[in-house]
Amino acid sequence: MTDNRYDIIIIGTGAGGGALAYHLAPSGKRILILERGDYVPREKANWDPQVVNVDAHYNTKEFWLDKDGKELHPHTNYYVGGNTKFYGAALFRLRKEDFGELRHHGGISPAWPISYDDLEPYYTQAENLYQVHGNRGEDPTEPPANSPYPWPAVSHEPRIQQLSDDFARSGLKPFHVPVGVMLNEKNPQKSRCIRCNTCDGFACLVGAKSDAQVVCIDEAIKYSNVTLLTNSLVKRLETDATGREVKSVVVERNGSLETYSADLVVVSCGAINSAALLLRSANDKHPRGLANSSDVVGRHYMGHTNSVMMAISKCPNPTIFQKTLGVNDFYFGSKDFEYPMGHISFVGKLDAITLKAGAPAIAPNFTLELMAKHSLDFWLTSEDLPDPNNRVSIGRDGKIVLTYTPNNLEAHERLQAKLKQAMKQTNCPIHGHECHQGLFARNLYVGQKIPLAGVAHQNGTIRFGHDPKTSVLDANCKTHDLDNLYVVDGSFFPSSAAVNPALTIMANALRVGDHLLEQLGVSTTDRTAQPALAQAD
Ligand SMILES: Cc1cc2nc3c(=O)[nH]c(=O)nc-3n(C[C@H](O)[C@H](O)[C@H](O)COP(=O)(O)OP(=O)(O)OC[C@H]3O[C@@H](n4cnc5c(N)ncnc54)[C@H](O)[C@@H]3O)c2cc1C
Ligand code: SF4
C-alpha cells in the first residue's frame, strides 16, 4: 500500500460528505477527505452584513455561464463544512408523501426509490447529530417520527409569538421551525449559542451553529485513520481499463497535480459541482461523462422556487432570531387549489444594509431603514419539478453552464396569495387590521443571473432510481455504471419537495454510510468498539 492509497476517499465536506465522514470515521478504515476550500477564517467580519451580504466576501469568486454564455456569479461557498457554514440550519424532514408520486399544478413530482420509512431511523440520527431543536406534533404535515427532537424548540420572541397567535386564531397551524443551533435557553450561561441576528447566511463566529465542519468534520478527524486535505480541488476521476472502477482521483493541490486512489470513492461536491466533475471526467469508456450511459448526469437540476416576502407593519419588529416560525397548511393544497403550494417560514432578520443589496419596492412613507425595523421577513418555498432541459453542462474553458427555466410557478403565486390573505387577518392590539401595510418582495435576482436561492438548494443532477436508463445512481447511491463510485450530496434527489434539503442529505449520507460499512466488511461490533465522541454542549 502506498501513502496515496486509501480504503475510502470522500470528496467534499458539506452536508453529505461531512455526515458520511463522521459515520465512517470510527470504522478504523483509512479515509481520505478532499476539500477544495479552506476553513472559514474566524474573524469579526463573519458577522458583518456589509462584508457578508453586500461585498459577498465569503462567496466563491469563480464565474459560471448561463445558457446564453453570459457570466454569472454563483452565490455558493467552498469551505470545510460546505454551504452548511452559511446555512440557516432549518433542519426539516421531507414529508412522507414527498417520497411517493405527487401531482402538482405544473406536472408530476416523481416517486423516490426508497420510502420515508427507509430513511426515518437516519433522520433521527441526523437530528441527534445536528442537535436539532424542535417540537413534534405542531406541524400539520410532519411525518411520523420514532423519537422526540433532542432539544426543545427555540422559543419565539414576542413579535413572532404575536404573529403565531394571530395565525392560530385565523385557523392556521403555525409551528416552531426545527433548527440546528446549540442554544440552551434553560441555562444561558452554559449556552454555546448567544441567539444573535447574524445566523442565516453567516458563518457562526462562536462555532455554535450545527454545521458540517463543527459537528462532523472536526469530530471525524480526531480519529487517526482519517486524513483531511484542504485546498485540494478534485479535477477529474480516472477509470481502469474496464471502465467499471475509479482507479485514481486527480487533485490540484499547492499548484500541482497529485493522484490518490481508494477501494471506494464517494463524490459529495454539491449537486452542481458533482455533476460537473463527472462530466469533466469523460473518457473512452464513458464518452458522455463518467457514469453517464443514461445521459442523465447534470440533468433535472432543481433548486426550489423561493422568494423573500417582507410584511411591513406599523408596529416594529425588534426580533433578533427570527427563524422560529413556520406554516405548512398549504403544503399539499387547499380547498380552492388542489395542488401542493409549499412552505412558509422566515429568513434571518433583514437589516437596512442587506436590503440595499436586493432592494424591495419601498412601502409608502417608509425608508429602507424603517422597512427593516418594521418588517417580518418571510421565506416561501415551492417545489420545482425535474425537467431534463434544466441542467448543468460544461462550456467554454471547462466552465460550468447552468441552464434553468423555472416551472410550477402557479403553486408559488398561490402560496404568496395565501400569505397575503393570512397577513390581512392579523389583528394588532394597537392598530387593529390597519397595522399591516402590505407585502413587498425582496429581489433575489439583483446582480445575479439566477436566483441566489436557486443555487443554495441545488439538487437533482445525479438522481437515484431503479432504472439505469433514467437514473445515474441505484438506491444505495452507487453509480449504475461503476462498481466503486458513490454520490452522497444533494444530487441524488429525484424530486425537490418544498422543505429545506440539508437534513435529508445528511440522513441519506448516514444511510449510505451503513451500506458502505457493509461493503468494507465492517461488523457492528467493530463500529461500536470505538470510543464515543464528546457531545457538544
Ligand atoms: C445562505 C444559505 C442558507 C441555507 N439555509 C438552509 C437551511 O436553513 N436549511 C437547509 O436545509 N438548507 C439550507 N441551505 C442549503 C444547504 O446548505 C445545502 O442544501 C447543503 O449544504 C448541501 O449539501 P451538499 O453536501 O449537497 O453540498 P455542500 O454543502 O455545498 O458541500 C459541497 C462541498 O464540496 C466541496 N467541493 C466542491 N467541488 C469540489 C471539488 N471539485 N473538489 C473538492 N471539493 C469540492 C465544496 O467546497 C463543499 O465543501 C442554505 C444554503 C445557503 C447558501
Ligand atoms: S444565533 Fe447562535 S448559532 Fe447562530 S450565529 Fe448566532 S451564536 Fe451562532
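For clarity, every value in this text was computed on a predicted model and none was experimentally measured. Indexing begins at 1, ligand by ligand and atom by atom, following the structure's order. Sequential numbering from 1 along the given sequence is applied to the chain's residues.
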Please identify each residue that fulfils side chain to side chain contact (heavy atoms under 4.5 Å, CB included) with Asn283, with sequence neighbours left out.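 Here the qualifying residues are Thr239, Lys285, His286.
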
Does Ala203 have any side chain to side chain contact (heavy atoms under 4.5 Å, CB included) partners at least two apart in sequence or in another chain, and if so, which?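 Residues passing side chain to side chain contact (heavy atoms under 4.5 Å, CB included) with Ala203: Val40, Phe86.
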
Distance filter under 4.0 Å to [X] heavy atoms, resulting ligand 1 atoms:
| X | value |
| --- | --- |
| Gly490 | 26 (O) |
| Gly270 | 26 (O), 27 (O), 32 (C) |
| Gly12 | 33 (C), 34 (O), 35 (C) |
| Ser268 | 25 (O), 32 (C), 33 (C), 34 (O) |
| Thr13 | 33 (C), 49 (O) |
| Gly16 | 25 (O) |

Between Ser248 and Arg236, is the side chain to side chain donor-acceptor pair (under 3.5 Å) condition met? List the steps. CA-CA 9 Å; Ser248 44; Arg236 61 178 189 278; over 6 Å; no

Does [X] have a non-hydrogen atom less than 4.0 Å from ligand 1?
| X | answer |
| --- | --- |
| Lys323 | yes |
| Tyr79 | yes |
| Ser232 | yes |

Residues forming a side-chain hydrogen bond (donor to acceptor under 3.5 Å, both in side chains) with Glu142, sequence neighbours excluded: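 Scan of Glu142 (side-chain hydrogen bond (donor to acceptor under 3.5 Å, both in side chains), adjacent residues dropped) gives none.
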
When you check the gap from the basic side-chain N to the acidic O, do Asp7 and Arg30 get nearer than 4.0 Å?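 Salt bridge absent between Asp7 and Arg30.
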
side-chain hydrogen bond (donor to acceptor under 3.5 Å, both in side chains) partner of Tyr78, the single match among Thr60, Asp38, Asn273: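 One option only clears the test, and that one is Asn273.
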
Consider side-chain hydrogen bond (donor to acceptor under 3.5 Å, both in side chains). Of His176, His133, Arg195, which one does Ser155 pass it with?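 Exactly one candidate clears the test, Arg195.
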
Expected output: side-chain Asp377 to main-chain Leu350 donor-acceptor under 3.5 Å: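 At least one qualifying donor-acceptor pair exists.
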
Below a 4.0 angstrom heavy-atom separation, can you tell me which part of Ala89, side chain or backbone, both or neither, approaches ligand 1?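 Under 4.0 Å from ligand 1, Ala89 contributes backbone atoms alone.
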
Side chain, backbone, both or neither: which part of Val455 comes within less than 4.0 Å of ligand 1 when only heavy atoms are counted?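 Under 4.0 Å from ligand 1, Val455 contributes no heavy atoms.
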
Ring-face cation contact, Tyr260 with Arg5, 6.0 Å cut, 45° max: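 Judged by the rule (NZ or CZ under 6.0 Å from the ring centre, within 45° of its axis), Arg5 is not positioned above Tyr260.
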
For residues Tyr130 and Trp151, establish whether the separation of their ring centroids is below 6.0 Å.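 No, the ring centres sit 6.0 Å or more apart.
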
For the aromatic rings, using the six-membered ring if either is Trp, is the centroid distance between Phe493 and His300 under 6.0 Å?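 Ring centroids of Phe493 and His300 are no less than 6.0 Å from each other.
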
What protein N/O/S atoms sit under 2.8 Å from atom 8 (Fe) of ligand 2, by chain and number?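 Within the sphere that stays under 2.8 Å of atom 8 (Fe) of ligand 2, the protein atoms of type N, O or S are Cys204 SG.
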
Best match, Gly303, Pro501, Pro74: closest heavy atom to atom 19 (O) of ligand 1: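 Nearest heavy atom to atom 19 (O) of ligand 1 lies in Pro501.
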
